Visitor: 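Sharing a structure here in structure tokens format.
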Amino acid sequence: MNYKKTLLMPKTNFPMRGKLPTQEPKRQEDWEDKHLYEQLTEKNANRPLFVLHDGPIYANGDIHVGHALNRILKDIIVRHRSMDGFNAPYIPGWDAHGLPIETALTKTKKIDRKKMTVAEFRQACEDYAWDQLENQREQFKRLGMIGDWENPYVTLTPEFEANQIRVFGEMAKQGHVYQGKRPVYWSPSSESALAEAEIEYHDKRSPSIYVAFTVTDGKGVLEAGDNIIIWTTTPWTIPGNLGISVHPESDYSVFRYEGKRYVVASKLYETVTEELGWQETEVLTIVKGEKLEYVVTRHPFYERDSLVMTGEHVTLDAGTGAVHTAPGHGEEDFFIGGEYGLEALSPVDDKGVFTEEAPGFEGVFYDKANKMITETLEENDALLKLEFMTHSYPHDWRTKKPVIYRATKQWFISIDNMREDLLEAVGRVNWQPKWGETRLYNMIRDRGDWCISRQRSWGVPIPVFYAEDGTAIVEDETVDHVAQLFRKHGSNIWFDWETKDLLPDGFTSSHSPGGTFTREMDIMDVWFDSGSTHEGVLAEREDARRPADLYLEGSDQYRGWFNSSLITGVAVTGDAPYKKILSHGFTMDGEGQKMSKSLGNVIDPLDVMKQMGADILRLWAGSVDFQADVRLSDDILKQVSENYRKVRNTLRFLLGNLADFDPATDRVPVHELQDMDLYMLECLNDVIERAQEGYREYVFSHAYSAIHHFCAVELSAFYMDVAKDLLYCDHVDDPRRRSLQTVMYDMLVAMTKLIAPITPHTAEETWEYIAGADTEFVQLADMPEPAVIENREELKQRWETLLAVRNDVLKALETAREEKVIGKSLEAKVTIAVTEPVYHLLLELEQPEKLFIVSQVEVQKSETVPEGHSAIVDVETATGETCARCWHVKEDVGVDAEHPELCGRCLAVVATYDLADLEA
RNA sequence: GGGCCUGUAGCUCAGUAGGUGAGAGCGCACGCCUGAUAAGCGUGAGGUCGGUGGUUCGAGUCCACUCAGGCCCA
């Protein structure tokens with residue numbers, strides 16, 4: 001007869017394969033329909049708050065794998081903390097202002113900015129931003145993220161803008177805000193500043209000139225009358241020249257030509273003299289660049305000094321090694337000039353025409369002035385050579401005309417007067433990894449002032465008014481008023497309303513006797529937007545708190561959000577807006593190289609979710625050491641899928657074998673558990689402790705490996721393999737079986753909870769199948785507590801010894817298999833010789849053959865065992881008949897005539913079943 | 001060029017405060033099972049711990065340099 005029907009085989013509808021790509025979206029809909037997030041916050045309402053403050057994502061484009069990594073990590077934290085005794089809200093954030101949106105709009109959509117007002121254009125930007133937000137929101141939800149998706153924070157909302165204005169006002173009040181000059185890309189043809197992204201390079205024909213600057217004070221290194229030679233392709237910037245830069249580490253040659261002395265970098269001496277066509281030159285001496293610092297030369301045609309400075313930016317691959325420096329006409333020039341206290345002289349107006357600050361050239365277009373200036377240089381005997389060359393030069397991407405560097409008035413945040421406070425605040429923050437502190441510290445220590453002006457449209461206006469005499473008005477009264485207006489009407493009014501309507505009623509100023517005012521048209525750097533989230537979100541919302549417990553972003557944000565938030569936070573509250581910074585690395589390809597379209601090694605998270613499922617991507621994120629850079633490739637995903645399968649099948653096996661187990665009635669108390677089951681409960685305790693520590697300390701890979709290792713090694717390869725015989729063959733109510741199931745049930749519940757933060761879809765799916773699960777969603781349950789077990793150490797040692805014996809048995813069985821003595825292990829009888837203490841352990845086992853999954857075991861004492869082994873194992877064919885039901889080879893098979901194929905044990909079990917029922 | 005970081009088996013990770021032979025899982029190879037079956041089990045082969053040179057009785061673990069990657073600046 002077929003006794004298979006009398007076996008208690010695993011029974012479950014939990015599918016072996018998850019079909020994640022199609023199942024996950026349904027589950028996500030279910031979460032939404034049943035308001036899982038609201039249920040969660042309600043349930044945790046009275047628990048301590050844990051605020052993970054979300055850094056805003058820029059509202060443009062599809063999410064990439066970096067976003068996915070960042071947000072999955074955050075979701076793991078939120079989900080875990082929510083199950084670990086905290087109220088952990090998640091408010092997703094979007095950065096919705098800024099140039100990329102302007103660019104996307106003008107580029108992809110057919111919008112002609114020139115035909116619309118600023119306010120209209122800004123409205124178009126806002127519409128676009130909301131569309132992008134919607135798209136990204138769906139993609140994040142597809143990742144399985146839990147959070148307040150209906151009420152995210154968005155930097156373009158009136159409340160947020162109002163708060164941002166207040167941050168600005170507070171900083172102004174404390175004297176951190178000032179107006180200064182700084183060179184920016186300027187397009188005379190558009191009469192506006194351009195961003196880097198609006199520049200394209202084309203070939204341009206330019207004059208190339210060598211100019212001599214005569215030394216007036218050689219500082220004991222050079223002689224008055226010596227001539228430092230510079231080279232430039234923009235003669236028109238000579239009126240703005242205030243200095244000459246040399247490299248401190250390079251050598252400079254002083255040489256004689258036709259009675260005059262000249263200076264160039266030694267490395268370029270040959271090329272320069274050749275270029276100038278000078279022969280019979282004579283090198284007189286060589287000076288290191290740093291010695292030339294503070295040498296004074298005379299401007300070639302103005303009555304003013306030109307100072308020699310040293311800078312690392314000076315290169316020796318072209319020119320003379322002495323660089324013409326005009327702080328108002330170049331970024332590097334500006335910075336080095338700043339170090340030496342030079343002003344950003346920029347005698348050019350909006351149209352690119354020289355002002356009276358450039359005597360002799362007033363009213364001349366800069367490009368036209370090139371010739372005049374060159375002639376003036378020649379008249380002053382300073383021009384050594386003129387020729388023309390074609391080179392790559394920045395152009396306005398819209399008008400295709402060349403652009404220039406021009407210093408304009410900008411608003412700055414002064415870092416100098418708050419640097420000490422910032423550095424101290426850095427010291428009070430908890431950093432993970434530890435080096436984050438050094439990194440941000442160095443950055444704050446070395447950073448210059450923060451230029452917050454942007455000559456753009458799509459952003460928060462700088463709330464400054466100007467009086468008739470040009471005085472800037474930044475007062476509490478005006479700033480607060482603007483903030484209130486923005487909160488009510490949005491910031492578009494800044495561009496729509498009359499200036500007087502933006503000022504408080506009856507506002508007057510002694511600087512405006514006529515009572516008229518104008519307003520600043522620059523907007524704020526978007527880093528000011530995101531840097532204000534602690535005010536606009538943490539301080540504003542009921543479900544948040546400042547300082548946040550945690551900020552978690554990619555390591556690029558030390559320069560970005562961590563930085564800007566610190567500055568505004570310290571200014572507004574006196575301290576950092578975060579208690580802890582956790583940072584993650586970047587996602588590289590399988591070889592550790594950065595992903596790029598051209599290399600074709602980019603992995604799209606949307607594809608991964610479509611093909612494998614969000615839980616696979618999440619499991620990847622949970623498995624890697626994210627504090628350094630992480631790798632992602634098809635092979636890595638394949639491996640993650642394999643590991644997922646292992647965990648999933650383990651859960652499935654547990655479910656299947658608990659089909660007849662009702663925890664309410666079938667549970668066995670801990671003190672009545674079989675020893676092996678108790679040991680496994682102890683193993684579960686271990687996993688719980690390790691996984692919990694991994695989650696709590698933000699080392700998810702430890703939680704992941706603890707869970708996976710437990711499934712693969714402890715459960716699948718050992719416990720469940722051994723348990724099958726008892727589960728299948730024993731009587732349903734056999735206490736040994738119920739003991740097993742009790743532990744398996746606890747394992748199932750605990751494991752489902754433990755995987756929930758990383759793979760919520762799979763966890764919730766499993767939860768649905770668990771009989772007696774007391775919450776609707778596992779997310780609403782709490783993390784498992786380790787069971788109370790006595791003599792844990794002793795228990796562990798006992799079983800570790802037994803498992804070591806088992807290893808030796810398995811090896812011996814494999815050898816026997818190779819020698820064709822046996823096939824499956826149940827065909828074997830093993831003789832195990834062990835030392836005294838182990839001998840007793842084995843004897844204490846009621847049925848040692850179960851542990852080794854063999855049919856018969858004989859235990860012997862041995863004085864010694866070979867080094868590295870626990871036992872001497874001999875394998876032979878078991879004696880007797882194979883029981884048709886339990887497949888063990890037994891001597892007592894056939895004792896009952898009615899069931900000649902059964903062993904005594906199976907006979908007893910079968911006797912309790914109504915076989916007729918089973919046949920039917 | 002500067003600041004910070006990473007580099008242990010094909011892959012993902014462990015390697016405690018320097019000290020018995022460098023580990024795990026996955027993958028791979030070979031085999032078993034066919035009562036977890038597009039599953040399960042076993043055994044095995046894989047590493048000059050990026051490289052070089054030091055410190056030390058002894059270094060994957062400390063120091064210097066170097067190579068390769070990465071983030072942020074210039």
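To find a chain, count down the sequence lines: A is the first, B the second, and so on, and within it residues start at 1. Reckoned from all heavy atoms, side chains included, excluding hydrogens, waters and symmetry mates. Remember, predicted model here, so these are calculated numbers, not experimental data.
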Visitor: Are the charged groups of A/Arg696 and A/Glu693 less than 4.0 angstrom apart, N to O?
Guide: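 Between A/Glu693 and A/Arg696 there is no salt bridge, as every charged N stays at least 4.0 Å from the carboxylate O atoms.
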Visitor: Below 4.0 angstrom, N of the basic side chain to O of the carboxylate: do A/Asp556 and A/Arg559 qualify?
Guide: no
Visitor: Among B/rG25, B/rG70, B/rU37, which nucleotide sits nearest the side chain of A/Ala712?
Guide: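 Looking only at heavy atoms from C-beta outward on A/Ala712, the closest nucleotide is B/rG25.
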Visitor: Any donor-acceptor pair under 3.5 Å joining the side chain of A/Thr650 to the base of B/rA36?
Guide: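 Flag unset: no donor-acceptor pair detected.
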Visitor: Just compare B/rU43, B/rG35, B/rC41 and give me whichever is closest to any side-chain atom of A/Lys811.
Guide: B/rU43
Visitor: Any carboxylate oxygen within less than 4.0 angstrom of a Lys/Arg side-chain nitrogen, looking at A/Glu814 and A/Lys811?
Guide: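 Salt bridge absent between A/Glu814 and A/Lys811.
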Visitor: Name all pairs fulfilling the salt bridge (Lys or Arg N to Asp or Glu O under 4.0 Å) condition that reach into residues 583-597 of chain A, sequence neighbours left out, sorted by first residue then second.
Guide: none
Visitor: Could you work out the separation of B/rA14 and B/rA9 based on their C1' atoms and round it to a whole Å?
Guide: 13 Å
Visitor: How does RNA chain B look in dot-bracket notation if pairs are Watson-Crick or G-U with both distances under 3.5 Å, crossing ones as [ ], other-strand ones as |?
Guide: (((((((..((((.....[...)))).(((((.......))))).....(((((..]....)))))))))))).
Visitor: Validate the cation-pi geometry between A/Arg648 and A/Phe14: distance from NZ or CZ to the six-membered ring centre under 6.0 Å, angle to the ring axis within 45°.
Guide: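 Positive - A/Arg648 is close enough to the ring of A/Phe14 and near enough to its axis.
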Visitor: I'd like to know if A/Lys638 pairs up with A/Asp635 as an ion pair, taking the criterion as any Lys NZ or Arg NE/NH1/NH2 lying under 4.0 Å from an Asp or Glu carboxylate oxygen.
Guide: no
Visitor: Among the candidates B/rG42, B/rG3, B/rC71, find the nucleotide nearest to the side-chain atoms of A/Asn442.
Guide: B/rG3
Visitor: Please produce a list of atom pairs where a protein N or O lies less than 3.5 Å from an N or O of nucleotides 5-12 of chain B.
Guide:
from	atom 1	to	atom 2	distance (Å)
B/rC11	O2'	A/Gln639	OE1	2.8
B/rC11	O2	A/Gln639	OE1	2.9
B/rC11	O2	A/Gln639	NE2	3.3
B/rU12	O2'	A/Ser623	O	3.1

Visitor: Using a strict cut-off of less than 4.0 Å between a Lys/Arg side-chain nitrogen and an Asp/Glu carboxylate oxygen, indicate whether A/Arg905 and A/Asp730 qualify as a salt bridge.
Guide: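 Yes, charged N to carboxylate O under 4.0 Å.
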Visitor: Could you pull out all residues at least two apart from A/Ser705 that satisfy side chain to side chain contact (heavy atoms under 4.5 Å, CB included)?
Guide: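 Here no residue qualifies.
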Visitor: Can you see which heavy atom on A/Ala884 is nearest to which on A/Tyr3, and at what distance?
Guide: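 Taking A/Ala884 first and A/Tyr3 second, the nearest heavy atoms are CB-CD1, 4.1 Å.
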Visitor: Charged N to carboxylate O under 4.0 angstrom, A/Asp677 versus A/Arg737?
Guide: no
Visitor: Kindly point out which of B/rA36, B/rG70, B/rA24 is positioned nearest to the side chain of A/His709?
Guide: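 Closest nucleotide among those given: B/rA24.
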Visitor: So which one's nearest nucleotide on RNA chain B is more toward 5', A/Met588 or A/Asp721?
Guide: A/Asp721
Visitor: Which of residues 812-828 of chain A have a heavy atom under 4.0 Å from RNA chain B?
Guide: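 Here the set is A/Glu814, A/Arg817, A/Gly823, A/Lys824.
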Visitor: Could you write out each protein N or O paired with an N or O of nucleotides 15-20 of chain B at a distance under 3.5 Å?
Guide:
none

Visitor: Ignoring the backbone of A/Trp887, work out which of B/rC13, B/rG70, B/rG35 is nearest its side chain.
Guide: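 Closest nucleotide among those given: B/rG35.
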Visitor: Indicate syn or anti for B/rG60, taking the glycosidic torsion and treating anything within 90° of 0 as syn.
Guide: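 Classified anti.
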